[in-house]
Amino acid sequence: MFLSTASRWTLTRYHLLFSFVISTVITALIYLVWYPSPMYLATDVLSIALLLVAINLIVPPLLTFIVYKTDKKELLRDVAVIVAIQVVALLYGLSVVEQGRPAYLVFAIDDFEVVRPVDTKWAQQTTAIGGYETSRLGLFSNAKLVYSPFSANKNIRNLQQTEELMDGISITYRVDNYQPIVTAANAIKKKSQPLSVLNNYNDVQQVSHILNQYPQADGWLPLKAPVLDMVVLTDSTGVVIDVVNLRPWDE
């Protein structure tokens with residue numbers, strides 16, 4: 001058995017390698033799936049992700065180094081406990097990060113808004129409109145573009161508007177009201193602003209550099225985010241092209 005012959009340094013190195021592989025997978029999941037560029041800037045997940053990875057890389061291997069004993073039976077038990085705690089801590093940390101990820105980019109009225117799983121859960125628990133469940137994204141799903149207009153039903157619309165004003169339950173949080181983004185093409189086209197307006201809030205050279213990457217861009221709309229508001233580029237038909245790291249207004 002490996003543990004019966006491994007030295008303190010060998011065992012610690014293998015645990016460090018294990019932790020490195022896990023950290024690499026976690027980093028890829030966070031930055032390639034849950035918070036793809038530039039969304040990690042809009043939601044400020046960087047500090048949380050770095051802390052999660054740093055703790056996973058440093059603490060468990062260090063504990064393995066400290067608890068190393070020549071009594072291999074106790075060593076097996078101690079290493080098993082350390083790994084179990086490591087896995088539980090990682091799962092908890094990932095659940096927190098997942099609840100804060102951009103689950104939906106919701107168009108409503110005249111702009112887009114980043115909506116997180118925690119937002120939709122809160123809205124469902126708070127709203128008087130019941131009978132629906134929060135739409136769940138797959139573990140490896142990117143943020144979905146959706147449209148959330150006020151209900152065509154007058155009574156429901158009045159309740160939605162009242163709760164938005166009185167309780168802060170934005171129409172963008174109501175997953176029961178989501179529609180495919182293609183149904184909002186005309187509204188997006190109508191509300192989109194000229195690309196030249198971006199020069200009022202951003203460095204002109206930066207705007208030019210980004211827009212050169214999207215020659216099909218014809219307009220834009222603001223994207224409200226928890227930390228850093230950004231810009232959604234659209235084409236001449238109201239189709240969303242991409243989210244870019246530009247400011248939609250003065251900060």
Side-chain angles (χ1 to χ4, degrees), residues 1-105 114-122 124-125 133-145 175 223 225-228 230 242-245:
M1 185 177 180
F2 172 73
L3 288 179
S4 63
T5 58
S7 66
R8 183 193 301 269
W9 286 105
T10 300
L11 188 59
T12 301
R13 284 198 299 269
Y14 273 97
H15 198 162
L16 182 61
L17 177 62
F18 169 77
S19 299
F20 176 78
V21 172
I22 296 298
S23 295
T24 301
V25 172
I26 290 173
T27 302
L29 178 62
I30 292 175
Y31 288 106
L32 297 181
V33 181
W34 291 350
Y35 298 81
S37 180
M39 298 311 299
Y40 69 89
L41 297 173
T43 51
D44 195 27
V45 72
L46 183 60
S47 57
I48 300 175
L50 288 176
L51 180 62
L52 185 64
V53 170
I55 291 176
N56 178 64
L57 275 175
I58 297 172
V59 176
L62 181 61
L63 289 176
T64 295
F65 180 83
I66 293 173
V67 304
Y68 182 90
K69 298 185 179 107
T70 54
D71 187 328
K72 303 303 179 182
K73 186 178 296 186
E74 290 188 10
L75 178 61
L76 176 61
R77 179 203 62 194
D78 292 344
V79 171
V81 169
I82 292 171
V83 171
I85 294 174
Q86 179 180 9
V87 171
V88 170
L90 283 174
L91 290 176
Y92 173 76
L94 281 175
S95 69
V96 173
V97 174
E98 192 276 335
Q99 282 298 301
R101 67 165 163 155
Y104 304 97
L105 303 183
V114 172
V115 175
R116 305 163 297 176
V118 67
D119 298 323
T120 59
K121 283 186 176 181
W122 172 80
Q124 182 178 330
Q125 294 167 357
E133 294 184 359
T134 300
S135 178
R136 298 182 65 85
L137 294 178
L139 183 62
F140 300 104
S141 299
N142 295 121
K144 292 184 177 180
L145 285 162
V175 295
L223 173 66
V227 174
L228 188 63
M230 294 192 174
D242 204 356
V243 177
V244 295
N245 185 20

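The closest side-chain heavy-atom distance from V175 to V115 is not below 4.5 Å. At least one side-chain heavy atom of M39 sits less than 4.5 Å from a side-chain heavy atom of V114. Counting heavy atoms from C-beta outward, V244 and M230 have side chains that stay 4.5 Å or more apart. The shortest side-chain heavy-atom distance between V227 and T43 does not fall under the 4.5 Å cut-off. Using a 4.5 Å heavy-atom threshold, the side chains of L94 and L52 count as touching. For the pair P38/V243, a side-chain contact is recorded, criterion being any heavy-atom separation below 4.5 Å from C-beta on.
Rounding to the nearest 0.5 Å places CG of L223 at 11.0 Å from CG of N245. One finds the CD1 atom of I85 at 12.0 Å from the CG atom of L90 (value rounded to the nearest 0.5 Å).
Among pairs with a residue in residues 22-53, those fulfilling ring pair (Phe, Tyr, Trp, His ring centres under 6.0 Å) read Y31-Y40, at least two apart in sequence or across chains. For residues 76-100, there are no ring pair (Phe, Tyr, Trp, His ring centres under 6.0 Å) pairs, not counting sequence neighbours.
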Atom pairs and distances, donor-acceptor, side-chain atoms in residues 15-22, under 3.5 Å, two or more places apart:
residue, atom, partner, partner atom, Å
H15, ND1, T64, OG1, 2.5
H15, NE2, Q86, OE1, 2.9
S19, OG, H15, O, 3.0
S19, OG, N56, O, 3.4
S19, OG, Q86, NE2, 3.0

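The nearest pair of heavy atoms linking S141 to V33 is O-CG1, 3.8 Å. Taking every heavy atom of both residues into account, A103 and P117 meet most closely at CB-CD, 3.6 Å.
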